[in-house]
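Remarks on the structure that follows.
Proteins come first, then strands; the chains are lettered A, B, ... in the order of their sequence lines, and each starts at number 1.
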Number of protein chains: 2
Amino acid sequence: MSLTHAPAGAVRQGSLRELNLALVLGRIAAAHRPPSRADLATATGLTRATVSAVVEDLLAGRLVSESDPAPRSGAGRPARGLVLADQGPAGLGLEVNVDYLTVCVVDLTGQVRHRTVHRADLRPVAPADALAKLVEMAGAARDDAAGQGLTLVGAALAVPGLVDDTGVVRLAPNLGWRDVPVPALLAEHPPLIEQVPGIPALVVDNEANFAALGELHSRPPGPSSFLHISGEVGIGAGIVLDGALFRGVRGWSGEIGHLPVHPEGRPCRCGGQGCLEQYAGQEAIVAAAGLAQAELPADTATARLAELAEAGDADALRALHDAGTALGVAVASVVNLLDLDTVVLGGGYAALAPWLCPPLLAEIAGRVLTAAWSPVTVRPSTLGAEAAAVGAAGSVARRIVAQPAGWLARSA
Amino acid sequence: MSLTHAPAGAVRQGSLRELNLALVLGRIAAAHRPPSRADLATATGLTRATVSAVVEDLLAGRLVSESDPAPRSGAGRPARGLVLADQGPAGLGLEVNVDYLTVCVVDLTGQVRHRTVHRADLRPVAPADALAKLVEMAGAARDDAAGQGLTLVGAALAVPGLVDDTGVVRLAPNLGWRDVPVPALLAEHPPLIEQVPGIPALVVDNEANFAALGELHSRPPGPSSFLHISGEVGIGAGIVLDGALFRGVRGWSGEIGHLPVHPEGRPCRCGGQGCLEQYAGQEAIVAAAGLAQAELPADTATARLAELAEAGDADALRALHDAGTALGVAVASVVNLLDLDTVVLGGGYAALAPWLCPPLLAEIAGRVLTAAWSPVTVRPSTLGAEAAAVGAAGSVARRIVAQPAGWLARSA
DNA sequence: GGCTATTTGTTCAGCCATTGAATTATTTGC
DNA sequence: GCAAATAATTCAATGGCTGAACAAATAGCC
């Protein structure tokens, strides 16, 4: 029932071409097999003549290329398949997290063309120094990408915290950051990307949001509306509705970790009581499993839990069951509210999914009003640990696909 | 950060005019004072020449008219102000609820031009008979509207229950409806509206959704993202994001009444435990206030509660405080999840807002992570009891404003 | 009271992108 | 080797926007 939203501004003569460029390129990106110009014409409703003209622009701008193995169909002149170019514009993804820095490059097709991970405890490091290290890594990534024929057109930085709409990190509790003006700090370094009209040079956002975007664009394509839960020290969620990330009025949506699951329960450091994080957060699970709150690095804690559960350790199994139940109460709220039919467990939860899912599904079945008509699917994320960085880089690449006119104007 | 969404389909030559018609008409609708053609040109970015041509089409189609008191500005040729026409297309709103039937007509400007309410206990009435009565009322409404120069171009029916995307009422528990094929039943009656390309003849949806739409389009215009809670026997919510209703994957979003606020609490008729409805539903409040579960009609129960609270009755005050607290836990979940900054209390809650708000706000302050940076506003709805019918009729009228091309093609 | 500055709204030639039909290109099947 | 079939391009026609010039109507000023 969604109304076809018109573009916000005026529709001038040239917008027509812009919109059709985006339409055709989007179809090429979404297709399962390389479509021909004729396929695109029937799919979009445009004339073959128009599609040819549009495709010519896209080819000239190196956004698409003709696939070598022409898709055979039967009699007639063979079609020339069109695919997204694996050379040309690409996105730079950056991530600062508690115990690592990541940089990666993703091309238009969504492939990861470069990745670097630097493991270190970032908590004692000053934000400016962490970002300087990240810029150093990004420089190497840019050079590597250039060698592969890729041009970086935008950067996206994922952080584990709240980011306002100017890119300032207001609060990243587990990192110890507060009011860090990331764009200003990065502006002191020489630019690594080529500015393209319509593509922001830098986007800063929550890691959970970018991880959800990564999931959205992963192959094979999944549903266009889902909830992606990142279980780390904190618990964040990315909400994808109709193929777009929902960021909320101020960009602070998805704070699922502070949904009250036991309103009179344990106090939370957020000031509330009985927040989900106190029952299904990494620290809570580790403590409930009887593991000493030893200096267990964050990234090995989940691995250790999975090991114990695999071995049948009763404490670990009970801890995971209780966490799954708490998670189920929160997820039931979300599903009742938003009527989503897919929940993706990401971050540390991905590896623990076999033990979290059964209690989680039980809660959903008992608490979701519409569960009888519309079953809810819960599955682990297909992406690895650095999903946020890949999602961030991918979001830049997708933006080129969604708005190719700016890039084409540049390269003309 | 929302990407400018391109129209879904192909952008042909004529789409350009369609889009600009919608753009200009939308500006006229959103303006505070009647804008001139020159105002529209600067606001939209179109040329004055284009705006003139577009406005000429709109005037010819009777969608706008020139306002008599020309807005004076200073030196120069006086501008001619443009306003939405109060004659021409209008929307028909219908509502079936537990104890009344309503029909109303809303014009392009959002004004209610006709309204009829028929009070009766609908629970023992067969769906087909209830709808027949509604059609009878709608016939009178159509005649009245025609006398005022209005043409009905679409109908929208609000029901207190779950509706699937074909318009079948899957479940309306308080009404006793189950799998009622409303479109098929209404198709047996002679058509009351004039079919217009692009405007659906009949839309069936949840009352909470339509009530939220009514709030969205009420004057003066409020925020474009908010949560609208309808507190009746059941508790429903309409979620408005960026000026559009969010309906969920299957259209079953907003079931806030079944958010678990005490996961191990009272059993609910939905099969779950500790649902909000068991603590803040009308029946729960009435019972907690010590009012005999006498045959108190639904629509007088809230009035009686407000009376008692006004008089300082301790039991009523405590009942409302507890309900507000439960509501606050649920709302805190929603706000943490969606980062909304406005909550509207509608339906029976509107009259009880003075007593519900304080505990509700206290819970939000304590449980919402971002409360410190972004205060959440809670206010009662400005619309009356039949908000859903008005919202339904208004949604039809808004659709004409959003897609004027269909109407213009007809009247040409 | 008449002149000028100012703003609104319209007219018109030019231009850009899409259209639709005709044309060319390239293969399969008989 | 020819007909049928499918893909892609060419080209005159068309619709709608642009930009600049022009007409209309008022306030302010001497």
Side-chain angles (χ1 to χ4, degrees), chain A residues 6-7 9-24 28 33-60 64-67 69-82 404-405 408-409 412, chain B residues 6-7 9-24 28 33-60 64-67 69-82 404-405 408-409 412:
Chain A
V11 186
R12 29 190 76 261
Q13 196 80 261
S15 321
L16 219 145
R17 206 20 158 337
E18 278 181 35
L19 292 169
N20 281 333
L21 282 167
L23 179 69
V24 169
I28 295 174
R33 66 193 70 247
S36 66
R37 291 168 175 76
D39 293 337
L40 292 170
T42 56
T44 59
L46 294 168
T47 337
R48 290 200 302 270
T50 305
V51 171
S52 274
V54 168
V55 166
E56 194 174 7
D57 282 6
L58 294 174
L59 284 169
V64 309
S65 54
E66 297 191 320
S67 68
R72 278 266 32 85
S73 47
R77 173 174 168 177
R80 272 182 284 171
L82 297 166
L408 294 178
Chain B
V11 187
R12 31 191 72 262
Q13 196 80 259
S15 322
L16 220 145
R17 207 17 157 347
E18 278 180 36
L19 292 169
N20 282 333
L21 281 166
L23 179 69
V24 169
I28 294 173
R33 65 192 73 247
S36 68
R37 291 167 175 76
D39 292 337
L40 292 169
T42 55
T44 60
L46 294 168
T47 337
R48 289 202 305 266
T50 305
V51 171
S52 274
V54 167
V55 166
E56 195 175 6
D57 281 6
L58 294 174
L59 284 170
V64 308
S65 54
E66 298 191 322
S67 69
R72 278 267 32 86
S73 45
R77 173 175 169 174
R80 272 182 286 173
L82 297 166
L408 293 178

task = Using atom CG of A:D39 as one end and atom P of D:dT6 as the other, report the distance to the nearest whole Å.
result = 13 Å
query = Expressed in angstrom and rounded to an integer, what is the separation of B:E66 atom CD from D:dA25 atom P?
reply = 13 Å
message = Base of C:dT7, side chain of B:R77 - is there a donor-acceptor contact under 3.5 Å?
response = no
ask   = Taking only side-chain nitrogens and oxygens of A:S36, does any of them come within less than 4.0 Å of OP1 or OP2 of D:dA8?
value = yes
request  = Quick one, give me the B/S/- string for nucleotides 11-18 of chain C, reading 5' to 3', where B means a protein heavy atom under 4.0 Å from the base and S means that only happens at the primed atoms, P, OP1 or OP2.
outcome  = B----BBB
message = Which residues pass the salt bridge (Lys or Arg N to Asp or Glu O under 4.0 Å) test with B:D39, not counting sequence neighbours?
response = none
ask   = Can B:R37 and B:E56 be counted as an ion pair, charged N to O under 4.0 angstrom?
value = no
ask   = Roughly how many Å is it from CG in B:L408 to C1' in D:dG16, rounded to a whole number?
value = 16 Å
query = Would one find a side-chain N or O of B:R37 under 4.0 angstrom from OP1 or OP2 of C:dT10?
reply = yes
inquiry  = As a test of reading the structure: which of D:dA25, D:dA8, C:dG9 is closest to the side chain of B:P78, going by heavy atoms?
reply    = D:dA25
request  = Identify the two heavy atoms, one from A:L59 and one from A:S65, that lie closest to each other, and give their separation to 0.1 Å.
outcome  = CD2-CA, 3.8 Å
key: Heavy-atom side-chain proximity of A:L23 to A:L46 below 4.5 angstrom   = yes
query = Heavy atoms, side chains only, cut-off 4.5 Å: are B:R17 and B:V54 in contact?
reply = yes
query = How many Å lie between CG on B:L21 and P on D:dC17, as a whole number?
reply = 8 Å
task = Please examine the side chains of B:L82 and B:V24, heavy atoms only from C-beta on, and report whether any two atoms are closer than 4.5 Å.
result = no
task = Please report the closest heavy-atom contact between B:V51 and B:A41, naming both atoms and the distance.
result = CG2-CA, 3.7 Å
ask   = How far does the helix from C:dG9-D:dC22 to C:dC30-D:dG1 bend, going by the axes of its first and last five pairs, to the nearest 10°?
value = 10°
Interatomic distance, A:L82 CG vs D:dA7 C1' [rounded to whole Å] = 12 Å
ask   = Could you give the CG-to-P distance, from B:L19 to D:dG15, as a whole number of Å?
value = 18 Å
query = Whole-Å distance between C:dT7 P and B:L40 CG?
reply = 18 Å
task = Please name the pair of heavy atoms, one in B:P34 and one in B:S67, separated by the smallest distance, quoted to 0.1 Å.
result = CB-OG, 3.8 Å
message = For the CD atom of A:E66 and the OG atom of A:S36, what is their distance to the nearest 0.5 Å?
response = 11.0 Å
